[in-house]
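Down below is the structure, laid out as structure tokens.
Heavy atoms only: backbone and side chains are in, while hydrogens, waters and symmetry mates are out.
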Amino acid sequence: MITIGLTTWTEHPALIGGDTRPVTLPEYAGHFPVVELDTPFYGIPRQSTIEKWQAAVPDGFQYILKANQVMTRHDRDETLPETERNLAFDQFRTAIQPLVAHQKLLTVLFQFPPFFNRTTANIEYLRQVRVLMGNLPVAVEFRSPSWFATPEMSADVLAYLKSLRFTNVTTDEPHNLNDGIPLDETVTTPELAMVRLHGRNAEGWFNQGQNWRKTRTLYHYSEEELQDFAAMVKRLDQQAKDVCVIFNNNAGRDAAPNAQRLQEILDLHWQNLAPQQLDLF
């Protein structure tokens with residue numbers, strides 16, 4: 001199965017006729033069968049909150065949840081006791097149980113920071129992540145180019161992810177020799193291939209000024225680029241049971257229109273969407 005989704009459900013006016021109000025979760029679920037949420041990155045939600053997310057969508061709808069920043073070591077706190085870091089994993093696993101129980105968790109996304117470099121300690125930390133996450137599905141997205149410095153190193157890293165049953169995230173983003181991650185289609189888990197599309201706005205991506213967070217994903221994929229992605233998705237579909245594509249190029253609200261166009265190119269029709277409300281007046 002091939003699914004397409006967006007980051008968050010609220011900020012996509014194209015789904016509600018251009019209205020500037022926030023999109024509701026049921027409205028979003030009428031268009032796409034999967035959503036990625038970064039809310040848990042900033043703070044682990046209460047289980048009651050996740051129960052509401054679970055109940056608001058149809059059976060078969062899937063969530064991708066970002067791991068909390070303590071779990072991905074964004075905190076940079078080398079003095080944090082291991083027991084406290086492990087506690088974040090415990091709290092996260094407990095919170096997401098409603099999604100697990102109803103088979104609505106596609107994967108947990110560990111998006112590591114740019115300073116999470118390829119070191120012996122960090123290689124070992126990945127193994128700890130697998131132990132702490134148990135059998136839960138995990139997808140990994142690196143931001144440091146040190147993990148892919150040479151073709152040989154890339155092969156070793158991807159083989160390591162495969163041994164840990166971590167899904168390699170195929171990432172489209174601006175990159176150069178010193179920053180960013182090259183797009184790599186390697187499938188490391190037969191259950192899932194995951195693609196995240198951040199856009200190709202190199203100027204906004206690499207220049208971390210005052211408006212960096214608002215401009216780094218300011219990008220509209222062209223028809224030619226979407227056709228290339230469609231071909232890539234078809235290749236991935238030959239290697240994995242499920243392929244999930246997430247559009248994150250939303251600074252200019254381009255994610256939803258791009259996602260809908262890719263859906264058209266691939267001729268996808270999902271059967272597990274929420275009913276769409278029709279405006280008859």
Side-chain angles (χ1 to χ4, degrees), residues 2-42 53 56-58 61-66 106 109 111 141 143 169-175 180-181 183 194-230 232-233 243-270 273-279:
I2 299 171
T3 56
I4 299 173
L6 313 173
T7 50
T8 78
W9 64 73
T10 59
E11 302 172 354
H12 307 288
L15 301 183
I16 51 174
D19 198 331
T20 57
R21 66 171 175 81
V23 180
T24 67
L25 179 53
E27 286 173 330
Y28 174 95
H31 293 270
F32 296 107
V34 61
V35 70
E36 177 189 301
L37 298 183
D38 65 355
T39 305
F41 174 82
Y42 299 101
W53 295 348
V57 295
F61 187 94
Q62 297 279 280
Y63 286 91
I64 299 167
L65 301 184
K66 272 193 177 180
L106 182 62
L109 173 62
Q111 185 185 54
E141 180 177 335
R143 307 308 291 271
V169 176
T170 297
T171 307
D172 186 68
E173 64 180 39
H175 66 276
I181 300 300
L183 188 150
M194 185 173 172
V195 180
R196 299 186 76 235
L197 306 176
H198 300 292
R200 298 176 177 178
N201 178 6
E203 182 178 357
W205 190 267
F206 293 127
N207 298 318
Q208 297 191 17
Q210 183 176 359
N211 295 320
W212 177 68
R213 293 193 177 280
K214 293 182 179 180
T215 61
R216 65 192 180 111
T217 62
L218 182 58
Y219 191 79
H220 183 88
Y221 283 108
S222 68
E223 177 69 16
E224 181 181 3
E225 289 167 333
L226 292 173
Q227 292 285 349
D228 289 342
F229 287 137
M232 180 182 70
V233 168
V243 181
C244 179
V245 183
I246 296 294
F247 281 83
N248 186 42
N249 59 317
N250 205 45
R253 303 299 180 253
D254 292 303
N258 274 170
Q260 290 173 322
R261 178 55 189 146
L262 182 62
Q263 179 186 355
E264 292 175 353
I265 295 170
L266 291 168
D267 193 27
L268 299 175
H269 304 276
W270 301 296
L273 300 178
Q276 293 188 26
Q277 296 181 355
L278 300 178
D279 187 356

Notebook entry, point to check: Between F41 and L109, does a side-chain contact (heavy atoms from CB on, under 4.5 Å) hold up when you go through it step by step?
Noted result: CA-CA 10 Å; F41 174 82; L109 173 62; over 6 Å; no

Note to self: side-chain contact (heavy atoms from CB on, under 4.5 Å) for Y28 and V57? Distances and angles first, verdict last.
What the structure shows: CA-CA 9 Å; Y28 174 95; V57 295; over 6 Å; no

Notebook entry, point to check: Can you list the steps and then say if E141 with M194 is a side-chain contact (heavy atoms from CB on, under 4.5 Å)?
Noted result: CA-CA 10 Å; E141 180 177 335; M194 185 173 172; over 6 Å; no

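Between the CD1 atom in I64 and the CD1 atom in I246 there is a gap of 4.0 Å [rounded to 0.5 Å]. Interatomic distance, CG of L106 versus SG of C244, reported as 5.5 Å (0.5 Å rounding). Note that the CZ atom of R143 and the CD atom of Q111 stand 4.5 Å from one another [nearest 0.5 Å]. Separation of atoms CZ (F229) and OG1 (T170) is listed at 10.5 Å; rounding is to 0.5 Å. Atom CG of D19 is separated from atom CG of L15 by 11.5 Å, given to the nearest 0.5 angstrom. Between E264 atom CD and H269 atom NE2 the span is 9.5 Å, to the nearest 0.5 Å.
Partner of N249 under the side-chain hydrogen bond (donor to acceptor under 3.5 Å, both in side chains) criterion, chosen from N201, D254, N258, D172: N258.
With 3.5 Å as the limit, one finds a donor-acceptor pair spanning the side chains of E223 and Q227.
Without hydrogens or angle criteria, T39 side chain to L37 main chain gives no donor-acceptor distance under 3.5 Å. The backbone N or O of I181 sits less than 3.5 Å from a side-chain atom of E173, completing a donor-acceptor pair.
Residues forming a ring pair (Phe, Tyr, Trp, His ring centres under 6.0 Å) with Y219 (at least two apart in sequence, or on another chain): Y221.
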Can you list, pair by pair, the side-chain donor-acceptor contacts under 3.5 Å of residues 2-12, counting residues two or more places apart and other chains?
residue	atom	partner	partner atom	Å
T7	OG1	N248	OD1	3.0
H12	NE2	T7	O	3.1
H12	NE2	T8	O	3.1

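Residues H31 and Q263 come closest through the heavy atom pair O-OE1, 4.5 Å. Nearest heavy atom pair, residue P174 against residue G199, reads CD-O, 3.2 Å. Residues P58 and A274 come closest through the heavy atom pair CG-N, 3.6 Å. The nearest pair of heavy atoms linking R253 to P13 is CD-CD, 3.7 Å.
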